[in-house]
Amino acid sequence: MMTFDFGPPTADLAAIEAEWPLIAAELDVLDAEITMLYAEDHGGPSPLDWRRLRRAEARVTRAAAELAARPIPHCAA
């Protein structure tokens, strides 16, 4: 009987899981940047928009530093 494995290897899933806080933080920056672009066409960004962008960028920095401090999981090649 043949067995088919159609998903990514467990090691790859573990690597994605380890990187997820950074991915989520980068998505928050993207969302804040989109808000800033939209605001440019509607009177300019508010102080709250600027704060949201700075905080999202700070989360990326923290998440990247935390990820860099962790051991790297081995991925299947």
Throw together a table of side-chain donor-acceptor distances under 3.5 angstrom for residues 44-64, partners on residues two or more places apart or in other chains.
{"residue": "S46", "atom": "OG", "partner": "L48", "partner atom": "N", "Å": "3.3"}
{"residue": "S46", "atom": "OG", "partner": "D49", "partner atom": "N", "Å": "3.1"}
{"residue": "S46", "atom": "OG", "partner": "D49", "partner atom": "OD2", "Å": "3.3"}
{"residue": "D49", "atom": "OD2", "partner": "S46", "partner atom": "N", "Å": "2.9"}
{"residue": "R52", "atom": "NH1", "partner": "T35", "partner atom": "OG1", "Å": "2.9"}
{"residue": "R52", "atom": "NH2", "partner": "D31", "partner atom": "OD2", "Å": "2.2"}
{"residue": "T61", "atom": "OG1", "partner": "E57", "partner atom": "O", "Å": "3.2"}

**Report entry** CG on L27 to CG on L22, rounded to 0.5 Å
**Finding:** 9.5 Å
Query - Sequence neighbours excluded, every pair satisfying salt bridge (charged side-chain N to carboxylate O under 4.0 Å, His left out) that has a member inside residues 18-27 - result: none
Query raised in the report: Can you list every ring-ring contact (aromatic ring centres under 6.0 Å, His included) pair that touches residues 13-35, not counting sequence neighbours?
Result: none
